[in-house]
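Comments concern the structure below.
When reading the values below, keep in mind they use all heavy atoms of this one structure, side chains included, and skip hydrogens, waters and symmetry mates.
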Amino acid sequence: METIFTRILAREIPAEIVYEDDWVLAFKDIAPQAPVHVIVIPKNYVTNVLTLTESDVELAGRVLLGCQRVGQALGLEKSGMRVVLNCGEDGGQSVGHLHAHVLGGRKLTWPPG
């Protein structure tokens, strides 16, 4: 399935990449909701957390490790960060490709929305 994220992965759409490995690509969000707002996507297509299968266990773990690496690279270890995975329309998912939002750089409130 083609999404804006698959086009970013294919380098058809430019993005400000902050981390990449064999499993994930992480780039700055174009409409940041915090001083640090990075999107972490798996290189293999999965719609969202609700469509993961047992065969996606390593992929899911690699997405979380990608979030950790982004937080470390951007100096969020001491102050903290939030990792958000939206699922489906009611969950606020706007792109049908599994992705995690890494948010930080300020005190985040709860509930989020």
Side-chain angles (χ1 to χ4, degrees):
M1 162 167 284
E2 184 176 88
T3 68
I4 190 169
F5 292 163
T6 57
R7 294 187 66 207
I8 290 171
L9 280 168
R11 306 303 203 264
E12 295 172 4
I13 296 175
E16 191 172 342
I17 297 169
V18 297
Y19 177 78
E20 183 174 14
D21 63 24
D22 291 341
W23 288 86
V24 301
L25 180 72
F27 51 91
K28 291 186 177 182
D29 193 293
I30 61 169
Q33 301 300 303
V36 173
H37 189 167
V38 174
I39 305 296
V40 179
I41 61 173
K43 290 184 174 180
N44 290 334
Y45 177 80
V46 176
T47 303
N48 61 40
V49 169
L50 295 171
T51 64
L52 290 169
T53 66
E54 289 294 324
S55 65
D56 296 317
V57 168
E58 187 168 10
L59 177 143
R62 295 291 183 160
V63 169
L64 289 177
L65 284 173
C67 293
Q68 175 200 53
R69 303 241 164 83
V70 165
Q72 290 170 337
L74 298 177
L76 299 176
E77 303 99 330
K78 290 182 184 177
S79 61
M81 64 186 202
R82 181 173 293 162
V83 175
V84 177
L85 293 113
N86 300 321
C87 301
E89 186 178 340
D90 284 355
Q93 185 177 9
S94 59
V95 178
H97 186 128
L98 177 67
H99 60 285
H101 298 260
V102 175
L103 299 146
R106 69 169 167 82
K107 181 92 171 159
L108 300 170
T109 60
W110 195 262

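Among residues two or more places apart in sequence or in another chain, the ring-ring contact (aromatic ring centres under 6.0 Å, His included) test is passed with Tyr45 by His97. Take Gln68 and apply the side-chain contact (heavy atoms from CB on, under 4.5 Å) test, not counting sequence neighbours, and it matches Leu65, Gln72. Listed by chain and number, the residues in a side-chain contact (heavy atoms from CB on, under 4.5 Å) with Glu58 are Trp23, Arg62 (sequence neighbours excluded). For the side-chain contact (heavy atoms from CB on, under 4.5 Å) test, residues two or more places apart in sequence or in another chain that qualify with Val36 are Val38, Leu74, Leu76. Applying the ring-ring contact (aromatic ring centres under 6.0 Å, His included) criterion to His37, with sequence neighbours excluded, gives His101. Contacts of Arg106 classified as salt bridge (Lys or Arg N to Asp or Glu O under 4.0 Å), with partners at least two apart in sequence or in another chain: none. For Glu2, there are no salt bridge (Lys or Arg N to Asp or Glu O under 4.0 Å) partners, not counting sequence neighbours. With sequence neighbours excluded, the residues that form a side-chain contact (heavy atoms from CB on, under 4.5 Å) with Asn44 are Leu59.
Ile39 and Leu103 fall into different hydrophobic clusters, where Ile, Leu, Val, Met, Phe, Trp and Tyr are joined by side-chain heavy atoms under 4.5 Å apart, directly or via other members. Both Val46 and Val63 are assigned to one and the same hydrophobic cluster, defined by single-linkage of ILVMFWY side chains at heavy-atom distances under 4.5 Å. Transitive grouping of hydrophobic side chains (ILVMFWY, heavy atoms separated by less than 4.5 Å) keeps Val40 and Ile17 in distinct clusters. Both Leu98 and Val70 are assigned to one and the same hydrophobic cluster, defined by single-linkage of ILVMFWY side chains at heavy-atom distances under 4.5 Å. In the hydrophobic clustering of this structure, Val102 groups with Tyr19; members are Ile, Leu, Val, Met, Phe, Trp, Tyr whose side-chain heavy atoms approach within less than 4.5 Å, directly or through other members.
Evaluation of the side-chain hydrogen bond (donor to acceptor under 3.5 Å, both in side chains) test over residues 48-57, restricted to residues two or more places apart or in two chains, returns Asn48-Gln93, Thr53-Ser55, Thr53-Asp56. Legend: salt bridge (charged side-chain N to carboxylate O under 4.0 Å, His left out) pairs involving residues 10-38, not counting sequence neighbours, sorted by first then second residue: Arg7-Glu12, Arg11-Glu20, Glu16-Lys28, Glu20-Lys43.
Here the CD1 atom belonging to Ile8 is positioned 8.0 Å from the OG1 atom belonging to Thr3, to the nearest 0.5 angstrom. The structure places CD1 of Ile13 at 9.0 Å from CD1 of Ile30, a figure rounded to the nearest 0.5 Å.
When side chains are defined from C-beta on, Ile41 counts as touching Phe27, because their heavy atoms get closer than 4.5 Å.
Between Gly104 and Ala34, the shortest heavy-atom contact is O-CB, 3.6 Å.
Members clustered with Leu64: none, using a 4.5 Å side-chain heavy-atom cutoff among hydrophobic residues.
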Which atom pairs, donor and acceptor, lie under 3.5 Å between side-chain atoms of residues 79-92 and protein residues at least two apart or in another chain?
from	atom 1	to	atom 2	distance (Å)
Arg82	NH1	Thr109	O	3.2
Arg82	NH2	Thr109	O	3.0

